[in-house]
Amino acid sequence: MIKVNGIVLFYFILNLVYCLNNVFRKNAYILYSPKLIKSSKPASRRWSTSQNNDNIVNLSKGENSIEEAYNNNIASKYNIKNFAKDINDNIYIETNRRGRRIKKNKHLISLYNNTNIKTSNFIYPLFIHEEGNEKNETKLEGIHTYNYEGVVKEIEECLKLNIHHFMLFPVVNDQKKSIYCEECYNENSYFCQTLKKLKDKFAHDVVIYADVALDPYNVYGHDGIYDEKKREIINDISVHTLVKQSLCLAKCGVDVVCPSDSMDNRIEQIRKNLDFYGFRNILILSYTCKYASCMYAPFRSILSSNISHNFVKNKQSYQHDSNNYIDLNNVEKHIKEGCDIVMVKPSIFYLDIISKIRSKLDAGTNVPIAVYNVSGEYVMIKNYVKSLKKDLKYENEILTELFKSYLRAGANIIITYFAKQYGLYMLDLYEKRIKVDDNSSSNFNIELTL
Ligand SMILES: NCC(=O)CCC(=O)O
């Protein structure tokens, strides 16, 4: 009897110390030991936020509830001492690191957002046809070709969205295509005249990019000159023509020439020739990593530049091979030869290339990386959304995800047929935000962070 009273007394004192501990040491952590604590409460409440120590069961064999078995597992397998109780009796895991803390609200999340999408980082490709309507539909939903008046309107609308970079491509009539592609350096062509007039009109408000390649002008559809006898694309003769084309484009006022032809050593030759003729401030955006891809088909259909009438049925002898990283060496080479921006294309399947270039560049020269979301990728997204019968908002949400993947991978510049559509989406979001947060639109700035 005395022995039983002794045990009761012992537990009474233990409880008393425990309660006093709770009352007087409010700042202290109170670790619990599952072995000491028995529960009279239902198991389902055991891990609720405002339980007290009594809720913790002495986990024994023979229990049959899943929750009990689960808790038993935690207690035995993992260090249960990491669990503590706070001053309000809530159970928590003792840790200094909580990744979710910085995600507590959208303002905190934006603190470490280094993938802001800005329309000022977009380059918008535009197609120029030679005559006729201001604007013609193409087989591609949402993509048009324009004459001078039409493209002026399109550019004006884009400027309101803070899109200032435009990459222009000529749609050349079949009669002007030839074996030696002479039309590509004809300063009087409709395309060249359009470039001149655009630069006169918009001056420094726009940055004009133009492709350097022979495919729009080539009867065979190749980016270089095709030798019928040898049945191959001749590199150095092609470079000659590309150098002339670059000079012509520079004279017509383009700010950036963009060799997309993939011939060897043309960057150096183009740079030297531009410098010699006084165009030292004309930039070169090199299609440094342009892969021989299936994703260019819609673009070629707009330009009517499919490979035809010759024995070389693809562009693999000059564009890059997706089987390896060998062509990455071109990055250093092209930078040494004088290019100012490097490019990767297509985009979605080549994010690893962007990220590899980013590591190379971070270690040395600070050259921006452009990524081209090409026509096939554009169609892929459009058709995906259509197949789900979803709306434009859904499509734009996909684009947000897509563009962020480019920025995460390390790209600085996004070339996309979606530029205007996405700019309108950003504007829409921004205006909605003004209505909610801010009645004044005087601080209008479309560089909204998404
Ligand atoms: N030189 C420009 C392109 O090849 C564009 C390709 C595409 O948009 O599919």
Side-chain angles (χ1 to χ4, degrees), residues 122-129 138-145 165-172 177 181 184 191 195 208-218 220-224 233 238 241-242 245-246 249 254 256-263 266-267 270 284-307 314-320 322 327 330 334 339 341-350 353 370-383 399 402-403 406 411 413-422:
F122 287 157
I123 300 177
Y124 186 28
L126 293 166
F127 296 96
I128 308 296
H129 62 238
T138 68
K139 282 185 203 149
L140 302 185
E141 188 197 331
I143 299 189
H144 298 88
T145 64
H165 299 259
F166 303 94
M167 185 174 267
L168 269 54
F169 295 99
V171 181
V172 179
K177 298 189 182 190
C181 311
C184 81
F191 182 65
L195 293 173
I208 303 276
Y209 300 66
D211 223 42
V212 177
L214 306 184
D215 50 325
Y217 305 94
N218 194 336
Y220 299 118
H222 278 293
D223 295 11
I233 316 303
S238 301
T241 309
L242 296 163
Q245 184 183 20
S246 308
L249 294 170
V254 306
V256 189
V257 292
C258 312
S260 75
D261 53 281
S262 307
M263 298 298 128
R266 86 285 199 200
I267 302 295
I270 290 172
I284 297 180
L285 184 162
S286 165
Y287 281 60
T288 314
C289 294
K290 176 176 183 177
Y291 285 86
S293 167
C294 301
M295 305 305 285
Y296 309 138
F299 175 91
R300 289 179 193 160
S301 91
I302 294 176
L303 261 59
S304 306
S305 65
N306 287 312
I307 297 173
N314 58 51
K315 301 193 175 182
Q316 287 170 1
S317 77
Y318 45 101
Q319 295 181 351
H320 293 190
S322 56
D327 289 312
N330 277 339
H334 287 189
C339 90
I341 303 171
V342 293
M343 188 213 278
V344 175
K345 120 186 206 194
S347 59
I348 300 172
F349 309 137
Y350 296 92
I353 305 294
V371 58
Y372 198 145
N373 178 266
V374 302
S375 57
E377 297 174 300
Y378 173 89
V379 173
M380 224 163 71
I381 291 170
K382 284 275 176 204
N383 285 350
L399 295 179
L402 176 70
F403 295 155
Y406 299 158
I413 300 164
I414 300 172
I415 305 170
T416 174
Y417 302 101
F418 286 113
K420 184 179 171 199
Q421 170 185 321
Y422 196 78

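Both counts, for ligands and for their atoms, begin at 1 and track the order of listing. Below, each value reflects all heavy atoms present in this structure, side chains not excepted, and no hydrogens, waters or symmetry copies.
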Legend entry - Distance under 6.0 Å and angle within 45° of ring axis: Lys290 vs Tyr372: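 No - Lys290 does not lie over the ring of Tyr372 by the 6.0 Å and 45° rule.
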Inset, instruction - Could you tell me whether the side chains of Asp211 and Tyr287 share a donor-acceptor contact shorter than 3.5 Å? - result: yes
Inset, instruction - Verify whether one side chain among Tyr406 and Ser347 offers a donor that lies under 3.5 Å from an acceptor in the other. - result: yes
Within the protein, flag every N or O under 3.5 Å from an N or O of ligand 1, and note the pair and distance.
residue	atom	partner	partner atom	Å
ligand 1	1 (N)	Asp211	OD2	3.0
ligand 1	1 (N)	Ser260	OG	3.3
ligand 1	1 (N)	Lys345	NZ	3.4
ligand 1	4 (O)	Lys345	NZ	2.5
ligand 1	8 (O)	Ser375	N	3.0
ligand 1	8 (O)	Tyr417	OH	2.5
ligand 1	9 (O)	Ser375	N	3.0
ligand 1	9 (O)	Ser375	OG	2.6

Closest heavy-atom contact between [X] and [Y]?
X: Met295; Y: Glu377; result: CE-N, 3.7 Å
X: Tyr350; Y: Ser322; result: OH-CB, 3.3 Å
X: Pro259; Y: Arg266; result: O-NH2, 3.0 Å

